[in-house]
Amino acid sequence: MYRNQYDNDITTWSPQGRLLQVEYAMEAVKQGSAAVGAKSKDYAVVVALKRAPHADLSSYVPKTFKLDAHMGMAIAGLTSDARVLARYIRTECMNHRYVYGSPLPVQRLVTRVADKSQKCTQESSKRPFGVGLLVIGMDASGPVLFQTCPSGQFYNYKAISIGARSQSAKTYLEKHFESFETMELNDMVTHCLKALQSTTSEGVELNQHNTTVAIVGKDRDFTVYDDDAVAEFVDKLQEGEAMVEG
């Protein structure tokens, strides 16, 4: 059976029971620059590696989006698709606040995003979203971290990585995630940056220009740290590596 006989339409199943266009969308997520997320009992953190299309000639592409005061996300994949989903999520959050006077619960929001993504896998007039999301937020149960996929699946994690070469970051997180529950915020950010560092290409180092950090927790709204604001976290990472080498 030839693969390209079954990937011309999103609604066509292959003889192996696969929707190939959904798999291609999942591959788009794997091609995007990496993002890492983790949570403790008090905070949820995402860090991401930003890319510039033309090195020094252009600005870096944003990787984090504030969705509401209590919620935000990091992405891997097509940024244009992420903007569409971010606009949809912000509208849902505003509508919920207007009607109920309270923040939209994170899991309910993630379920709606997953349903929207799933709908694009069974209508021939649509294509799957080519982006994966790491959504962090605070609700009644505390900090939460969810991953969504173009297939419409979503997962609740203690720590996870998505994007290019994310397996090396997952391996690092698997070794350390059990200590995240009671860990101080700055130490957890450092662990996430170490995991992110393991996904970079040879010769690429994390710096204040290509790294972004976002935090939400019990005593702070969702906050994004870029450029000069993220330098503190990157410097701490580099100081720790220098001590190890010394």
Side-chain angles (χ1 to χ4, degrees), residues 32-77 79 82-83 85-87 89-90 93 103 106 131 133-138 142-146 159-164 166 169 172-173 176 180 183-201 204-243:
S33 57
V36 177
K39 68 174 183 177
S40 68
K41 62 182 178 65
D42 295 322
Y43 298 96
V45 175
V46 287
V47 301
L49 180 66
K50 296 185 289 187
R51 287 177 177 167
H54 301 288
D56 296 333
L57 298 180
S58 68
S59 62
Y60 286 87
V61 178
K63 289 279 290 182
T64 54
F65 296 82
K66 183 174 182 178
L67 305 173
D68 201 353
H70 71 298
M71 187 192 323
M73 68 182 187
I75 63 110
T79 306
R83 290 200 307 270
L85 288 176
R87 185 166 60 248
I89 294 171
R90 287 165 181 159
C93 290
V106 182
V131 64
L133 312 180
L134 292 184
V135 181
I136 60 172
M138 281 290 294
V144 290
L145 167 64
F146 288 94
I160 188 59
S161 174
I162 59 174
S166 61
Y172 178 90
L173 294 171
H176 298 89
F180 290 172
M183 187 174 289
E184 293 293 329
L185 174 60
N186 286 342
D187 293 334
M188 187 167 66
V189 173
T190 300
H191 275 292
C192 289
L193 289 175
K194 286 181 179 179
L196 186 66
Q197 178 70 66
S198 68
T199 70
T200 58
S201 304
V204 176
E205 296 290 335
L206 298 184
N207 58 56
Q208 68 186 66
H209 303 297
N210 66 7
T211 307
T212 184
V213 174
I215 300 170
V216 66
K218 63 178 183 179
D219 57 357
R220 69 177 73 190
D221 291 340
F222 182 86
T223 306
V224 177
Y225 299 87
D226 277 318
D227 300 324
D228 293 340
V230 82
E232 174 188 351
F233 299 112
V234 176
D235 290 345
K236 185 175 180 180
L237 170 68
Q238 294 171 348
E239 288 171 4
E241 291 177 344
M243 290 177 63

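Atoms considered below: every heavy atom in the structure, side chains included; atoms not considered: hydrogens, waters and symmetry mates.
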Would L145 and V135 satisfy side chain to side chain contact (heavy atoms under 4.5 Å, CB included), going step by step from the backbone distance to the final call? CA-CA 6 Å; L145 167 64; V135 181; over 6 Å; no
Can you tell me if [X] uses its side chain to pair, donor with acceptor, with the backbone of [Y] under 3.5 Å?
X: K39; Y: I136; answer: no
X: T211; Y: Q208; answer: no
X: Q197; Y: V204; answer: yes
X: R51; Y: N210; answer: no

What are the two closest non-hydrogen atoms of [X] and [Y], and how far apart are they?
X: H209; Y: N207; answer: N-OD1, 2.8 Å
X: V36; Y: A195; answer: CG1-CB, 4.2 Å
X: F233; Y: N186; answer: CE2-OD1, 3.7 Å

Out of V224, V189, T223, L196, which residue meets the side-chain contact (heavy atoms from CB on, under 4.5 Å) rule with V213?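 For V213, the side-chain contact (heavy atoms from CB on, under 4.5 Å) check succeeds only for V189.
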Measuring only between side-chain heavy atoms, which start at C-beta, is [X] closer than 4.5 Å to [Y]?
X: K50; Y: V61; value: no
X: S33; Y: K63; value: yes
X: D221; Y: V216; value: no
X: T212; Y: Y225; value: no

D226 side, atom CG; Y60 side, atom OH - distance, nearest 0.5 Å: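 Those atoms lie 12.0 Å apart.
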Run the numbers on F146 and L134 for side chain to side chain contact (heavy atoms under 4.5 Å, CB included), then give the verdict. CA-CA 6 Å; F146 288 94; L134 292 184; over 6 Å; no
Please tabulate, one pair per line, all N/O donor-acceptor pairs under 3.5 Å involving side-chain atoms of residues 70-77, not counting sequence neighbours.
unit_1	atom_1	unit_2	atom_2	d
H70	NE2	L104	O	2.8

Presence of salt bridge, D42 and R220, under 4.0 angstrom: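 Result for this pair is no, no salt bridge flagged.
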Walk me through it: do H191 and M183 pass the test side chain to side chain contact (heavy atoms under 4.5 Å, CB included)? CA-CA 10 Å; H191 275 292; M183 187 174 289; 3.4 Å; yes
Can the ring centres of Y172 and H176 be said to be less than 6.0 Å apart?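 Centroid separation for Y172 and H176: below 6.0 Å.
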Indicate whether the side chain of D219 and that of Y43 have a donor and an acceptor atom separated by less than 3.5 Å.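 Checked: D219/Y43 side chains pair up, N/O donor to acceptor below 3.5 Å.
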Taking ring pair (Phe, Tyr, Trp, His ring centres under 6.0 Å) as the definition, give me every residue that meets it alongside F222, ordered by chain and number, with sequence neighbours left out.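 So F222 forms no ring pair (Phe, Tyr, Trp, His ring centres under 6.0 Å) with any residue.
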